[in-house]
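Take a look at the structure set out below.
Each chain gets a letter, A, B and so on, in the order the sequences are listed, and its residues count up from 1.
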Amino acid sequence: MAPAGKPAADKADKQSALVQGTLDMLILKTLALEPMHGYGIGVRLEQISRGVFQVNAGSLFPAFRRLERDGVIKGEWRGTENNRRAKYYSLTAQGRARLKRDTRDWEVQAAAIARILAASTGEL
Amino acid sequence: MSLLGRAAGGLRALVRRSSVEQELDEELRQFYEAAAEEHMRRGCSSQDAGRAARARFGSLESVKDAVRDVGWESRLEGARRDVCHALRTLRAAPVFAAVAIVTLGLSIGANTAIFSVVNGLLLRPLPVREPDRLVVLVNDRGRSGASEAAWLQMRGQSALFDSVMAWSSTQFNLGGTEAEWVDGIVASGSFFSTLGVQALHGRVFSEADDRPGGGRERPVAVIGFDMWQRRFAGAPDAIGRTLHINRVAFTIVGVTPSGFFGPAVGRTFEVIVPLADYPLLVPPHVIANNWLSLMARRKTGQTLEQAAAALDAARGAAVDAARATGAGAEMPQLTVRPARTGYSQVRREYARPLVTVMAVVGLVLLIACANVTTLLLARASARQQELGARLALGASRARLVQQLLIEAAVITSLGAVLGVAIAWWGGHLLVRQLSGEAVLTTGRIMFGSANLSVDLSPDWRVFGFVTASVTAATLVSGLVPAICGSALPPIDVLKERRARHTAQPRTRAAAGLTRSLLVWQVALAMVLVVAAGLLGRTFSQLSTVRLGYQPEHVLVVDIASNGTAGKAAPDLPIFERVLERVRALDGVQQASISNVPPFNGIGLGVEAPGGPQWIAGALISPGWFQTFGTALVAGRDFAPGDRTGTPRVAVVNQAFVRAFFGGAGAVGRTLTIANDTQGPSVEIVGVVEDLASSSLREPPPPALYVPMAQVDQGVGADLLHTSLEEQGLSLAVRSEGASPWRLAAAIADSIRNVDPELTLTFRLPAGEVDALLTRERVVATLVGFFGVLALSLAAIGLYGVTACTASQRQAELGIRLALGAERGAILTLVLGHALATTGAGIALGIIGAAAVTRYLDALLWGVTPLDTVTFITAPLVFGVVTVLAAVVPAWRAARVDFVNALR
């Protein structure tokens, strides 16, 4: 997900290559709350992040396919509120474990980065 | 787990493509509709909402592309599409495709054919159980030859190896009065158990059968699969039938599996007979001294060094024991060599020529690849618009290189398919040619039965070789055009540029590359042509060696009784009666008998200062020289008057005169035959021209001829007696016309009228002489063929490059013409340009050839590796061919209408 996402898949690739793992983690977290279809996930991410992360179809859908093949999410065709068919994704048991692991790793990394940034001149 | 999931997902996407695509499409459409709905909620019209959604998220198709790229199957899909595209473009350019595919097909086919012969002869292990454990026992010169006594000693040492066996190749006569000689093996009882071969039908013989007179009542024999099919039509009741070997009855007890040819690669067998029964077939004194080969199977876990050490220790013990008892040590000094691929004389003879030919066809493949590279480069520059458009539409350069490489791979693979077919046909043809076997129309005359038999069936090595060749050819011929072809700034290409007045740097680079490729092609082809010239001259020198006789008119019949066991040997009067009858036949100009046919000398000792020397010699009847057409140089031939009781005479050849008398007159001089109790001296009454040596490469040896009628005692008599016992005598017949074999039936009848029990073997000296040179002829033919092929490829390359360059320079040439240049000058310009390239190639080729031909030294005869004639003729031939190849496009370039060229 790129802040102010450009439509070109190319650009999305370049930027999301840095945060590909992070995007996966965020999608898993979103699905941990409730099963959702693709648009719903994008909207929810945008909402919760208060507009910092905007929906980029060119990153979301490849991530869905990747996560589905890895077995951490499961896709199911269901009817939407508007009586249309949509593919709803939900978390599998493996996905839950991966989310837990990724969240812990992220917290460790974030704490380490915060420590480095907060270090005074004497420590670095 | 995710690896499995990805693999499964990708496979599903490949196999059920349409449903997966449909799902994706539906999912994305739903996404876009949901987005559009949100915009509509905010008050846009449905059209604007749709457009806004697409503007925000990108086009549906680009998102689909991004999703498809996630899986590995998209790369596979891309490759598949490239292959289809390549096939389509090849179909659209049939001439190019045909030239490239045929060029590669011939080269890959030739390489594979030679490799499969090399594989069958040098690399493939024996088709037996655990061939890695087999070893052959050889002496310090690497030969495996042991006497029967040594074998018995070895057999007694059961603790040394898992098992030991002894065997020898020989020939058996399966026919009646007219001999039918086949290749066979005589082997110890442990032969099959050591090798680990089971019978296909019936049983194989074992130690119990290896007893004199056979195991039970009768001696047994095992036949080979081919013989079973040929003679018994594969019938199971062949087991138990009687087979007459050398007129002795044997019982067939089993058939070996198809594909088993014995322990010697390159030979095969029809019948195997136990060692103990051999004396039934052949008189004991005929058997040579160290005629058995010994092979053993190591114990499981026993290494080569351990086996060698054990053998040494055993020999040491045997020598000590023999010394203690005072008997001579029988166990020879033997060591072990691995025999995974069998033990073979044939291999030694053919290894070097085959490897040479392998190098030659490797060079041809390189040249073919260079040709295909040039063709692909030309095509890439012609397709610049298409490739540029692809780049502009967003393909990465790597993708373009992949596409071009796949095109090259398609061409190479199609060429390989053609090549495998060629290899199958070519390999068999090569083996047949090397066999030198020929059966004339009468069906009864066969040349030497040294047939080469090689298993050419493809195994993993051959497949690996083909795959490696295809991969190498693809990379060599495809990589450079792919990289050059994709190095395009798209904007340049998309502009319409017809008239190029200056060559772009890129086209200059490609042209330079093409020219240097051409130089290398010409150089390599030059090396090949020089090699072909040297080998061809060797063959022609050998085939014009002065034979000293005229084989075209001669038919030889070996008359013997050794094929008829238990029958007394014929004596001289019988042969003289035969001679009378045959001389009286129609069409016979002269006939005579001797104890040896030409080329198989026996030794007579002649006293000379410095001790007796062994001279090749023969016992002959009067008229022998006339029969063979050997010229009498001085003195006289033997006459009927030279019999027992008259002064003993002899005839010598010129080489003898040179060696013993320094070339001075020999007629009238006397010789002393060593160890001859009959009397000391023999008078020389005639000198004949030299008969060529048996290999043709050595100078003719000195020879001594003695009248058969004069030997009734002494050394000569022993010789005659042994001949009569062993292989009988040879009757040589000179026909008036040029087809001596037509007399065969009449001669056979005459002989049978004298004695119907004699065994006759017909031979044609003319065919035997040809067979001597089989190897040289085949090698010279092959290298010559490939030299011509290489030259043609280089010429085609030159033609193509000149035409291409001329068309690229059309505008420039048009300007020159408009400015007043003569057409002749244009011709010279283009031609000179082309010939400069080939000149460089020829020069490079001569240097390369001079460096490389010294490796051919062992194969050459009569020419040096730097033979002047060849090194002058080859460049001349090249020069002529290349001028012809370049002059046509140059001529066309000079005739161009300059007005058209300038547009």
Side-chain angles (χ1 to χ4, degrees), chain A residues 1-2 4-14 16-17 20 24 36-44 46-47 54-89 92-95 97-98, chain B residues 1-14 19-42 49-74 391 393-396 399:
Chain A
M1 299 262 277
K6 272 207 85 181
D10 234 45
K11 182 126 187 239
D13 272 352
K14 284 206 198 86
S16 65
Q20 198 185 67
D24 290 355
M36 255 184 263
H37 58 66
Y39 186 70
I41 295 174
V43 165
R44 181 66 61 91
E46 210 175 310
Q47 279 176 355
Q54 293 196 340
V55 179
N56 182 348
S59 334
L60 266 188
F61 283 93
F64 292 154
R65 178 165 276 196
R66 203 170 41 242
L67 290 172
E68 202 177 358
R69 286 202 181 167
D70 283 350
V72 294
I73 64 177
K74 196 172 51 181
E76 213 180 7
W77 284 94
R78 272 197 258 158
T80 64
E81 316 82 47
N82 308 357
N83 274 334
R84 281 203 210 99
R85 248 167 62 98
K87 192 168 182 189
Y88 278 77
Y89 292 104
T92 62
Q94 250 184 306
R98 168 119 160 231
Chain B
M1 263 305 120
S2 70
L3 204 62
L4 205 61
R6 288 193 198 170
L11 271 171
R12 187 167 160 268
L14 276 177
S19 68
V20 167
E21 278 293 300
Q22 219 182 349
E23 258 192 45
L24 182 62
D25 187 63
E26 212 179 323
E27 189 182 352
L28 285 173
R29 269 187 211 290
Q30 184 270 332
F31 179 91
Y32 276 79
E33 273 166 16
E37 267 174 24
E38 193 182 312
H39 279 280
M40 283 204 287
R41 268 205 297 276
R42 296 205 201 127
R51 211 181 304 127
R54 276 197 296 282
R56 196 170 154 214
F57 300 121
S59 78
L60 196 74
E61 287 306 323
S62 66
V63 175
K64 274 197 196 171
D65 273 339
V67 174
R68 283 195 209 108
D69 276 344
V70 165
W72 54 269
E73 75 276 8
S74 66
L391 277 174
L393 284 173
S396 65
R399 190 76 183 70

Least distance between heavy atoms, A:G58 atom then B:A66 atom: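 Looking at all heavy atoms of both residues, the shortest contact is O-CB, 3.8 Å.
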
Closest contact, heavy atoms only, B:V63 versus A:A57: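 Residues B:V63 and A:A57, closest heavy atoms: CG1-O, 3.7 Å.
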
B:E21 CD: over 12 foreign heavy atoms closer than 6.0 Å: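 Result for CD/B:E21: enclosed.
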
A:K74, NZ atom: more than 12 neighbouring heavy atoms under 6.0 Å: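 No.
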
Residues B:E37, A:R84: salt bridge by 4.0 Å N-O rule: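 The answer is yes: the pair qualifies as a salt bridge.
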
Ionic contact status for B:E73 with A:R69, cut-off 4.0 Å: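 A salt bridge links A:R69 with B:E73.
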
Check: B:F31 and A:H37 side chains under 4.5 Å, non-hydrogen atoms: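 They are not in side-chain contact.
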
Leading residue by heavy atom contact count with chain A [cutoff under 4.5 Å; candidates B:E38, B:R29, B:E27]: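 So the answer, after comparing B:E38, B:R29, B:E27, is B:E27.
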
Proximal component of B:E23, with respect to chain A [non-hydrogen, under 4.5 Å]: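 Interface part for B:E23: both.
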
Chain A contact via B:A13 - which portion, at a heavy-atom distance below 4.5 Å: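 Only the side chain of B:A13 comes within 4.5 Å of chain A.
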
A:V43, part contacting chain B, at a heavy-atom distance under 4.5 Å: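 Side chain only.
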
Gap between atom CG of B:L3 and atom CG of A:D70 - 0.5 Å precision: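 Going from the CG atom of A:D70 to the CG atom of B:L3 covers 9.5 Å.
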
